[in-house]
Every structure is written in C-alpha cells, then in structure tokens.
Amino acid sequence: MAIPHGGWPRAYADEVRATLRAAGDLCITAGLVLLLFCAYLLWGTGAYTDREQPLLEQELAREQADPGPQGDDGPKRLKKIKLGQAVALLRIPRLGNDYKYAVIEGVTTEHLRKGPGHYPGTAMPGQKGNFVVSGHRTTYGAPFNEIDELKKGDEIVVDAREARYTYRVTYHEVVLPTDLDVIAPVPGKPDRKPSKAFITLTTCHPEYSAAQRYIVHGVLDRVELRKV
Amino acid sequence: MYGWIWRRLPGPKPAKALMAAVLAGIVVAVLWYRVFPLLEPLVTLDEVTVTQ
C-alpha cells in the first residue's frame with residue numbers, strides 16, 4: 001500500500017517517513033548487534049581460554065618437575081589439587097596430534113572458561129573410579145566440540161603430574177542433564193564399587209543446545225610412570 | 001539514524017566515510033570487549049555438566 005500523500009499535509013507525510021526510517025534503522029542495527037554477539041560467543045570467548053591455557057600448562061610443568069618425595073613406584077604422596085589448579089594435560093590423538101588441553105580442577109562457569117574441568121570429588125587420573133571431565137562444545141575454545149567423533153578403542157591420554165594414563169574409549173551415550181549415573185564411580189551403575197579406573201567426558205548436546213549431554217566413557221588401558 | 005549521522009560528519013565524502021568507519025569500529029570494540037562479556041553468562045547454550 002502506498003503511503004497516502006495527496007490529501008495529507010506534507011509535513012505530516014515527512015514525519016511518518018522519518019519515523020519509519022528510524023524504526024528500520026533500529027531493526028537493522030539490532031540484527032547486526034545480534035550477529036556480532038553470536039560471533040563473539042563462537043570466536044571471541046575462545047580468546048580468554050587461549051590466554052588461560054598456557055598458564056595452566058606452566059603450572060602443570062612446575063608440578064611435574066617437582067612432584068614431591070619419591071617412592072619406588074612414583075611419588076610417595078601427591079599434594080592435593082585445589083580448585084582452579086591444573087590437574088593434567090588431556091590429549092586425544094583422534095582429534096589431532098596437536099590436540100592438547102590443560103584440565104582444571106572444578107566445573108563452575110569460571111573454571112570451564114579456562115579449559116575442560118575435572119569434577120571435584122570424582123576420581124583423580126588413573127585412580128579406581130571415574131575421572132570425570134567436562135568441557136565446552138561451542139564456546140570458550142570449544143575443547144569438546146568433536147568428541148562425538150571418538151570411536152571405540154580410541155586413546156584418551158591423560159598426562160598427570162606423576163604418570164601418563166592412557167584410557168581407551170568404550171562407548172558413548174546421550175543423556176538428560178540430570179542423569180548423574182554417568183559420573184558414578186562405575187559409570188551407569190551408581191551402586192557398584194569400582195574395580196577399574198574409568199574416564200568420562202561430558203559436553204552439551206546437540207551443539208548450541210543445553211537440552212542434553214553427550215557423554216564419552218573409557219577405561220584405563222596402561223600407565224607410564226613419569227621419570228624424574 | 002544513519003542518514004542523520006552521515007549528514008553531520010564534516011568534510012568531503014572520503015573523509016566522511018573514514019570517520020564513519022572509525023565510529024563503527026569504536027562501537028564494535030565497545031560491544032565486543034565491554035558489553036558482550038557481561039551478557040555472555042546469561043546465555044546458557046553451552047551447559048556441559050550433569051547436575052540434579
């Protein structure tokens with residue numbers, strides 16, 4: 001419909017036009033800002049992770065250089081890792097030879113911004129029980145973006161302070177965000193006592209959604225003690 | 001809005017264009033480094049943990 005002009009005073013028609021133009025400008029601006037925000041979520045947030053990861057790696061390197069008093073089979077007693085400290089280096093050869101993330105202790109929003117986080121209270125690397133690590137899938141460097149490409153038998157290498165633990169993927173599952181069984185000491189069997197060392201990786205699913213969780217389970221395959 | 005700004009920028013067209021680009025850059029930088037980091041925690045599209 002053409003904006004009636006003929007019968008109306010010119011000033012009125014100009015005013016309508018100016019208002020419509022301003023509204024259009026606002027809509028375009030809002031759209032551009034939203035697009036920019038999406039770009040920030042996908043790429044901008046990773047800059048923070050990229051800055052924090054080397055710090056965690058340095059911390060880990062210091063700990064590995066000085067793991068404390070030595071026994072016959074590795075360090076006698078390891079210092080307890082506090083929240084926010086580096087736990088281990090995570091490598092997954094299937095996701096590339098340079099795939100390497102420092103795992104931080106803790107899974108709060110702030111911890112997970114810095115890298116994949118170890119659930120406090122679940123087993124430490126190599127211990128009997130379940131070593132549970134959560135990581136972002138689309139934001140903050142998206143460390144777990146491609147864990148859905150892991151296949152049965154793939155290696156998950158955890159370089160802890162005292163040793164290198166190599167796990168092998170056993171299976172994956174998609175669960176509700178409330179399904180705590182997946183992080184039980186024996187994954188999926190919360191009543192069992194663990195006799196093996198398991199690993200569990202969790203991230204969101206589907207991508208860009210918080211509706212479900214993608215879970216990868218593995219079991220310890222071999223241990224190489226670190227020579228100091 | 002954009003027309004209003006354009007008309008108020010002084011000088012010939014190339015100078016106007018340069019100033020407009022700088023202004024746009026400033027707006028983008030403020031959004032990217034100041035505003036978006038504050039908004040980001042409100043978006044929970046990337047929840048990765050299992051909890052009750």
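Convention: sequence-line order gives letters A, B, ...; per-chain numbering from 1. Remember, it's a predicted structure, so these values are computed and weren't measured experimentally.
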*May I ask you to list the residues in residues 133-147 of chain A that approach chain B closer than 4.5 angstrom, counting heavy atoms only, ordered by number?*
A:S134, A:G135, A:H136, A:R137, A:T138, A:T139, A:Y140
*asked:* Looking at B:R34, I'd like to know if its CZ atom is crowded, meaning that more than 12 non-hydrogen atoms belonging to other residues, nucleotides or ligands lie closer than 6.0 Å.
replied: no
*What are the residues of residues 26-48 of chain A, in order of number, with any heavy atom under 4.5 angstrom from a heavy atom of chain B?*
A:T29, A:V33, A:L36, A:F37, A:A39, A:Y40, A:L41, A:G44, A:T45
*Could you tell me which portion of B:V43 (side chain, backbone, both or neither) has an atom closer than 4.5 angstrom to a non-hydrogen atom of chain A?*
side chain
*Taking heavy atoms only and a threshold strictly under 4.5 Å, list by residue number the residues of residues 176-203 of chain A that touch chain B; give 'none' if the list is empty.*
A:L176, A:P177, A:T178, A:D179, A:L180, A:V182, A:I183, A:T202, A:T203
*Residues of residues 81-112 of chain A contacting chain B, heavy-atom criterion under 4.5 Å, by residue number*: A:V107, A:L112
*Non-hydrogen atoms of chain B under 4.5 Å away: do they reach the side chain of A:R113, the backbone, both or neither?*
side chain
_Option in A:R213, A:E207, A:Q212 with maximal non-hydrogen atom pairs under 4.5 Å from chain B_ = A:R213
_Choice from B:Y2, B:W32, B:W4 maximising heavy atom contacts with chain A below 4.5 Å_ = B:W32
*Ignoring hydrogens and geometry, is there a side-chain-to-backbone donor-acceptor pair from A:Y119 to B:V50 under 3.5 Å?*
yes
_Least distance between heavy atoms, A:C204 atom then B:E47 atom_ = CB-O, 3.0 Å
